[in-house]
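In what follows, residues are counted from 1 in the order of the sequence shown.
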Amino acid sequence: MKHAVLSLLFSVIGIFSVLNTSNASTPLMQLDSLLSERESQFSSFIQHTVEPFWQQHVQTGQFSNQQKLAIHYAFALPDTPQNAIVISPGRGEGYLKYKELTYDLYKLGYAVFIIDHQGQGLSTRRLDNRYKGYVEQFDDYVQDLHQFIKQIVKTQYDGNLFMLSHSMGGAIGL
């Protein structure tokens, strides 16, 4: 776990060092300026920048897990990625929630891979009620993530991998 925390910290430091390419006094000031400008025109930014990027650079697919459920995923692979980030979303989230983040990470030179855990996003649910989460055992999520990394991520990118996760996705990643 200590290694995972240090890896995340170093990857965040790396992102800030990549952002520190202008005359801004600190990467945080540069990031603040960029995000303030983006927020003031957010709808236009999504419509004219993120959506076209998603259509041109993001590939989507699915695989069958051990329970024969369709597990959906998306990835964006730059020509010469510096590293790759695997995103493990939280409960009730799917890869579509991460379009803007995928855009930003891709522009920073990262390959980005996102899984829709079973019962989440576009992946198959075991219950008719799409608002109820259910797996036979929590390790089902872990096995799916492992299969995703082995079958999809590693066949597309063979370099350093970092994990970015949210909430339940963090528990799965650990």
Evaluate the side-chain proximity of F75 to V112: yes if any heavy-atom separation is below 4.5 Å, no if none is.
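A side-chain contact under 4.5 Å is absent here.
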
Would you call L145 and M163 a side-chain contact if the rule is heavy atoms closer than 4.5 Å?
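They are in side-chain contact.
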
For [X] versus [Y], what's the shortest heavy-atom pair and its separation?
X    : Y   : result
Y110 : A84 : CD2-N, 4.4 Å
Y157 : Q82 : OH-O, 3.6 Å
S167 : G90 : CB-CA, 4.3 Å

Please confirm whether the backbone N or O of [Y] pairs with a side-chain atom of [X], one donor and one acceptor, at under 3.5 Å?
X    : Y    : result
Q55  : P52  : no
T124 : A70  : yes
Q120 : G92  : yes
T155 : I152 : yes
R125 : S123 : yes
S40  : E37  : yes

Any idea how Y141 and H117 line up, ring-wise: parallel (<30°), tilted (30 to 60°), or perpendicular (>60°)?
perpendicular

Relative to the ring of Y103, is the ring of F45 parallel (under 30°), tilted (30 to 60°) or perpendicular (over 60°)?
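Ring orientation of F45 relative to Y103: perpendicular.
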
I want to know whether F148 and Y73 have ring centres closer than 6.0 Å.
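Ring centroids of F148 and Y73 are less than 6.0 Å from each other.
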
May I ask you to check whether H72 and Y95 place their ring centers less than 6.0 Å from one another?
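No - the distance between ring centres of H72 and Y95 does not fall below the 6.0 Å cut-off.
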
With sequence neighbours excluded, what pairs up with Q59 under the side-chain hydrogen bond (donor to acceptor under 3.5 Å, both in side chains) test?
none

Within this structure, what is the [atom1]-[atom2] distance for the pair [X] and [Y], rounded to the nearest 0.5 Å?
X   : Y    : atom1 : atom2 : result
S88 : M168 : OG    : CE    : 7.0 Å
L69 : D140 : CG    : CG    : 8.5 Å
S33 : R38  : OG    : CZ    : 11.5 Å
Q66 : I71  : CD    : CD1   : 10.5 Å
M29 : L34  : CE    : CG    : 13.5 Å
N65 : Q147 : CG    : CD    : 6.0 Å

How about CZ on F138, more than 12 heavy atoms from neighbouring residues, nucleotides or ligands closer than 6.0 Å, or not?
yes

Tell me if the CG atom of N129 is crowded by more than 12 foreign heavy atoms within 6.0 Å.
yes

Answer with yes or no whether the hydrophobic clustering places Y134 together with V142; edges join I, L, V, M, F, W, Y residues whose side-chain heavy atoms lie under 4.5 Å apart.
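The answer is no; the residues belong to distinct hydrophobic clusters.
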
Step by step, would you call D104 with K99 a salt bridge (charged side-chain N to carboxylate O under 4.0 Å, His left out)?
CA-CA 9 Å; D104 289 334; K99 286 183 174 184; over 6 Å; no

Could you check F162 against L164 for side-chain contact (heavy atoms from CB on, under 4.5 Å), going step by step and ending with a plain yes or no?
CA-CA 7 Å; F162 296 93; L164 185 151; over 6 Å; no

Quickly, which of I149, I85, N83 forms a side chain to side chain contact (heavy atoms under 4.5 Å, CB included) with L161? Name it, please.
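In the set I149, I85, N83, the residue that makes a side chain to side chain contact (heavy atoms under 4.5 Å, CB included) with L161 is I149.
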
Checking side chain to side chain contact (heavy atoms under 4.5 Å, CB included) against V86, which of V153, I115, I114 comes through?
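Exactly one pass, corresponding to V153.
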
Start with the C-alpha distance between Q118 and Q67, add both sets of side-chain angles, then the distance that settles side-chain contact (heavy atoms from CB on, under 4.5 Å), and finish with yes or no.
CA-CA 10 Å; Q118 60 177 275; Q67 295 91 21; 3.5 Å; yes

Pair L101, I87 - check side-chain contact (heavy atoms from CB on, under 4.5 Å), show working.
CA-CA 10 Å; L101 181 60; I87 299 177; 4.1 Å; yes

Step by step, work out the side-chain hydrogen bond (donor to acceptor under 3.5 Å, both in side chains) result for E51 and Q47.
CA-CA 6 Å; E51 288 299 334; Q47 182 181 1; over 6 Å; no

side-chain contact (heavy atoms from CB on, under 4.5 Å) between T102 and F53, intermediate numbers included
CA-CA 10 Å; T102 300; F53 158 79; 4.1 Å; yes

